[in-house]
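Note sheet for the following structure.
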Amino acid sequence: MTDPRTTVVVITHNRRPELLSTLDRLAELPEQPEVFVTDNGSTDGTSAAVARHHPHVRLLRPGRNLGAVGRNLAVRRVRTPYVAFCDDDSWWAPGALAGAADLLDRYAALGAVTARIVVEPDGTEDPIVEELRNSPVPGPRWLPGPALGSFLAAATVLRTDAFRRAGGFNPRLWLGGEEELLAADLAADGWWLAYADDLTIHHHPSTARDSRRRRQDGIRNTLWFTWLRRPARPALRRTLHLARTVPRDTASLRAFAEATAALPWILRERRVLPPEVEGRLRLLEDSQRRSTARSYVG
């Protein structure tokens with residue numbers, strides 16, 4: 001079975017062994033998708049290794065670390081109606097890409113579908129999965145699964161055109177919670193996001209990560225999204241909640257300082273979401289306050 005409807009896009013930075021393992025698994029998929037890899041300025045021989053071991057992969061080398069914008073770079077070249085993202089330490093299960101494409105074919109207003117995440121090597125579900133299954137976001141009855149207020153880039157298949165029209169990932173956010181702004185803009189454009197429990201992606205978390213920097217950028221990006229798209233009162237409420245609940249450390253302090261320093265940009269770019277989208281986010285926000293999977297403690 002081959003399926004020409006979906007292209008897979010992977011971003012990577014200095015994780016050559018993990019990336020090669022992921023590419024081996026993607027090459028074994030029955031769908032045989034075209035694969036793009038954006039090497040975000042790796043210095044460990046990643047590009048040479050991909051060219052040697054996976055010559056059919058479309059390799060992009062921007063020469064610096066673009067973060068999530070590396071995905072935008074690849075999507076500009078995608079020719080299929082759907083694009084699937086995964087990280088260099090995650091891979092799609094056989095049949096999942098075809099299943100996601102079937103859902104997107106069937107439901108014209110469905111913009112993105114997020115899969116169940118299985119954490120390896122133990123084969124256990126990621127804690128976030130239960131929250132996706134029990135999403136409080138209301139949606140139309142035709143949706144193939146629970147409606148979502150956001151998505152996880154490393155486990156989602158999207159409509160290529162919808163991604164492009166929404167502007168892709170914002171370059172300012174770089175990496176870490178970068179999906180929230182794009183998801184809200186997709187919803188404002190009229191697209192629905194959904195979770196599909198029968199689709200699976202595997203994640204074997206790499207040990208090569210700067211968790212402190214990722215947390216710092218995640219807090220900053222949460223603040224930026226809040227100030228860019230939420231009405232004044234909800235924005236203030238969420239800002240105060242973060243200030244009360246994030247760890248009292250240098251990373252949190254730097255995140256708030258970076259966010260505040262960008263206020264001139266925020267004021268220029270601010271565009272409040274439509275009321276119906278804001279209503280969904282309020283329900284989601286109430287649920288996330290009780291979340292351990294989405295906390296900024298780790």
Side-chain angles (χ1 to χ4, degrees), residues 11 13 38 40-41 62-76 85 111 149-153 158 162-191 193 210-282 284-285 288-289 294-297:
I11 56 174
H13 176 71
T38 300
N40 274 328
R64 57 193 177 95
N65 195 343
L66 299 177
V69 177
R71 300 186 187 113
N72 297 359
L73 195 67
V75 174
R76 291 175 196 163
F85 295 128
S150 188
F151 65 89
L152 302 165
L158 301 94
F163 178 91
R164 289 172 177 156
R165 284 197 296 269
F169 294 105
N170 190 298
R172 193 82 180 241
L173 275 60
W174 196 66
L175 195 66
E178 71 278 2
E179 303 98 334
E180 196 170 22
L181 180 59
L182 175 58
D185 288 344
L186 286 168
D189 286 343
W191 297 106
L193 318 175
D210 185 347
S211 58
R212 186 180 181 88
R213 171 65 187 276
R214 183 65 64 89
R215 178 165 60 84
Q216 177 178 322
D217 290 346
I219 296 170
R220 180 202 63 196
N221 290 344
T222 296
L223 290 168
W224 277 349
F225 162 71
T226 300
W227 299 344
L228 282 166
R229 294 290 183 267
R230 306 292 300 276
R233 285 189 178 181
L236 177 60
R237 185 169 59 246
R238 194 177 194 195
T239 301
L240 293 175
H241 174 73
L242 281 175
R244 289 193 304 266
T245 57
V246 297
R248 308 286 179 167
D249 61 9
T250 303
S252 298
L253 182 62
R254 287 178 176 171
F256 271 81
E258 285 183 27
T260 304
L263 281 176
W265 167 68
I266 295 288
L267 294 174
R268 287 196 307 271
E269 300 293 326
R270 179 171 164 79
R271 188 174 72 249
V272 175
L273 293 167
E276 62 273 17
V277 178
E278 169 60 25
R280 296 176 215 159
L281 290 183
R282 289 187 186 184
L284 184 62
E285 185 178 60
Q288 288 178 348
R289 284 177 181 167
R294 297 175 187 263
S295 72
Y296 287 115
V297 174

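FYI, the numbering just counts along the sequence from 1.
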Assess whether side chain to side chain contact (heavy atoms under 4.5 Å, CB included) is satisfied between His241 and Glu285, documenting all intermediate values. CA-CA 11 Å; His241 174 73; Glu285 185 178 60; over 6 Å; no

Minimum-distance pair of heavy atoms, taken over all atoms of Arg214 and Leu175: NH2-CD2, 3.4 Å

Point-to-point distance, once rounded to the nearest 0.5 Å, from CG of Leu73 to CD1 of Ile11: 11.0 Å

Measuring from atom CD of Gln216 to atom CG of Leu253, what distance do you get when rounded to the nearest 0.5 angstrom? 9.0 Å

Roughly how far, to the nearest 0.5 Å, is CG of Asn72 from CG of Leu182? 8.5 Å

With sequence neighbours excluded, what pairs up with Arg282 under the salt bridge (Lys or Arg N to Asp or Glu O under 4.0 Å) test? Glu278

Check whether any side-chain heavy atom of Arg280 sits under 4.5 Å from a side-chain heavy atom of Glu276, and report yes or no. yes

Who passes salt bridge (Lys or Arg N to Asp or Glu O under 4.0 Å) against Glu178, sequence neighbours left out? Arg71

Less than 6.0 angstrom separating the ring centers of Phe151 and Phe85, yes or no? no

For side chain to side chain contact (heavy atoms under 4.5 Å, CB included), just list the numbers for Leu228 and Phe225, CA-CA rounded to whole Å, side-chain angles, deciding distance to a tenth of an Å, and then say yes or no. CA-CA 5 Å; Leu228 282 166; Phe225 162 71; 5.7 Å; no

Side chains of Leu158 and Leu186: closer than 4.5 Å at any heavy-atom pair? yes

Pairs where residues 245-257 contributes a residue and the test salt bridge (Lys or Arg N to Asp or Glu O under 4.0 Å) is met, not counting sequence neighbours: Arg215-Asp249

Return all side-chain donor-acceptor pairs below 3.5 angstrom for residues 164-173, not counting sequence neighbours, or 'none' if the list is empty.
from   : atom 1 : to     : atom 2 : distance (Å)
Arg164 : NE     : Val75  : O      : 3.3
Arg164 : NH2    : Val75  : O      : 2.7
Arg164 : NH2    : Val78  : O      : 2.6
Asn170 : OD1    : Arg172 : N      : 2.8

Of all the heavy-atom pairs spanning Asn40 and Pro62, show the shortest one and how long it is. OD1-CG, 4.1 Å

Please output the side-chain donor-acceptor pairs of residues 261-275 that fall under 3.5 Å, not counting sequence neighbours, one pair per line with the distance.
from   : atom 1 : to     : atom 2 : distance (Å)
Arg270 : NH1    : Trp227 : O      : 2.6
Arg270 : NH1    : Arg230 : O      : 2.9
Arg270 : NH2    : Arg230 : O      : 2.9

Determine which pairs satisfy salt bridge (Lys or Arg N to Asp or Glu O under 4.0 Å) with at least one residue from residues 217-229, sequence neighbours left out, and list them in order. Asp185-Arg229, Arg213-Asp217, Asp217-Arg220, Arg220-Glu258

Which pair of heavy atoms, one from Gly149 and one from Ala183, lies closest together, and at what distance? O-CB, 3.8 Å

Tell me whether Trp191 contacts the main-chain N or O of Phe163 through its side chain, where contact means a donor paired with an acceptor under 3.5 Å. no

Which value, rounded to the nearest 0.5 Å, describes the distance between Glu180 atom CD and Asn221 atom CG? 9.0 Å

